[in-house]
Peer 1: 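I have a structure I would like to understand better, so I am pasting it below and will then ask my questions one at a time.
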Amino acid sequence: MKGRNATSKEKIHMDKVRQLGCIVCRLQGMYGVPAEIHHIEGKTKLNAHFIILPLCFEHHRMGSDKEPISRHPYKTRFVEAYGTEYELLEKVQSLLKKTSDHLPF
C-alpha cells in the first residue's frame, strides 16, 4: 500500500490508538475488540499517521453494508450509522487523553 513510513513517534502513537480497541465497538459497549489502524486522510500527508482511528476488521474493511457496517467501501453508510471519521477521531483523542492522565510518569 502506498504511503510514507511512520516515524518512531508515529509508531508509538499508532500502537496506543490500536490498544484502545475498535472505537465503533467501544461506543456500542464492546470494549477491547482488536483493532486495525484506519488512516482518515491516507498515508502520504504530513501527520497522516496521527489522523487515525482504531477499527476492527469488520468495521474497517470486511465490506458489509449491514451491521457491522464496513468503512471500506461503505463510507456513506458508515458515517450515517456511526458519525463522521472526525467525530470518531475526537472520541479517540479524548480516550487517549484520559489514559495518559492516569499514567504514573
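As the structure is a computational prediction, the values presented were derived from the model and not from experiment.
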Peer 1: Would you say that Glu85 contacts Leu89 through its side chain, given a criterion of any heavy-atom pair below 4.5 Å between the two side chains?
Peer 2: no
Peer 1: Using the rule given for side chain to side chain contact (heavy atoms under 4.5 Å, CB included), can you reason through Ile37 versus Leu55, listing the C-alpha separation, both sets of side-chain angles and the distance that settles it, and then say yes or no?
Peer 2: CA-CA 6 Å; Ile37 294 299; Leu55 296 174; over 6 Å; no
Peer 1: For the residue pair His49 and His13, confirm or rule out a side-chain donor-acceptor distance under 3.5 Å.
Peer 2: no
Peer 1: I'd like to know if Glu36 and Arg61 make a salt bridge, using a cut-off of under 4.0 Å between side-chain N and carboxylate O.
Peer 2: yes
Peer 1: Looking at CG of Leu27 and OH of Tyr82, how far apart are the two atoms once the value is rounded to the nearest 0.5 Å?
Peer 2: 10.5 Å
Peer 1: Any chance you could measure Cys25, atom SG, to Glu58, atom CD, to the nearest 0.5 Å?
Peer 2: 7.0 Å
Peer 1: Any non-hydrogen side-chain atom of Lys98 less than 4.5 Å from a side-chain atom of Gln93?
Peer 2: no
Peer 1: What pair of heavy atoms forms the shortest contact from Ala35 to Cys22, and how long is it?
Peer 2: CB-N, 3.6 Å
Peer 1: Under a single-linkage definition using a 4.5 Å side-chain heavy-atom cutoff for Ile, Leu, Val, Met, Phe, Trp and Tyr, are Leu96 and Met14 assigned to the same hydrophobic cluster?
Peer 2: yes
Peer 1: Quick one: closest heavy-atom pair of Ala6 and Lys11, and the distance?
Peer 2: O-CE, 3.4 Å
Peer 1: Has Ser64 got a side-chain atom pairing as donor or acceptor with Ile69's backbone, closer than 3.5 angstrom?
Peer 2: no
Peer 1: Atom CG in Leu20, atom CZ in Arg26: separation rounded to 0.5 Å?
Peer 2: 6.0 Å
Peer 1: To the nearest 0.5 Å, tell me how far Asp15 CG sits from Arg18 CZ.
Peer 2: 5.5 Å
Peer 1: Nearest 0.5 Å please: distance from the CG atom of Asp65 over to the CZ atom of Arg77.
Peer 2: 4.0 Å
Peer 1: Check Glu87 against Gly83 and note the closest heavy-atom contact, atom names and distance.
Peer 2: OE1-CA, 3.2 Å
Peer 1: Any chance you could measure Ile52, atom CD1, to Ile40, atom CD1, to the nearest 0.5 Å?
Peer 2: 8.5 Å
Peer 1: Quick one: does Val24's side chain get under 4.5 Å of Val33's, heavy atoms only?
Peer 2: no
Peer 1: Using a strict 4.0 Å threshold on nitrogen-to-oxygen distance, state whether Arg4 and Glu10 make a salt bridge.
Peer 2: yes
Peer 1: Side chain to side chain contact (heavy atoms under 4.5 Å, CB included) between Val79 and Tyr74: does it pass, once the steps are laid out?
Peer 2: CA-CA 9 Å; Val79 168; Tyr74 298 103; over 6 Å; no
Peer 1: Testing the basics here: between Ala48 and Gly42, what is the closest heavy-atom pair and its distance to 0.1 Å?
Peer 2: CB-O, 3.2 Å
Peer 1: I want to check something: taking the side chain as every heavy atom from C-beta on, are Val17 and Phe50 in contact at a cut-off of under 4.5 Å?
Peer 2: no
Peer 1: Within a 6.0 Å radius of atom CG on Asn5, are there more than 12 heavy atoms belonging to other residues, nucleotides or ligands?
Peer 2: no
Peer 1: Should Ile23 and Tyr31 be counted in the same cluster of Ile, Leu, Val, Met, Phe, Trp and Tyr side chains packed under 4.5 Å apart?
Peer 2: no
Peer 1: Do Glu67 and His59 have side chains that get closer than 4.5 Å, going by heavy atoms?
Peer 2: yes
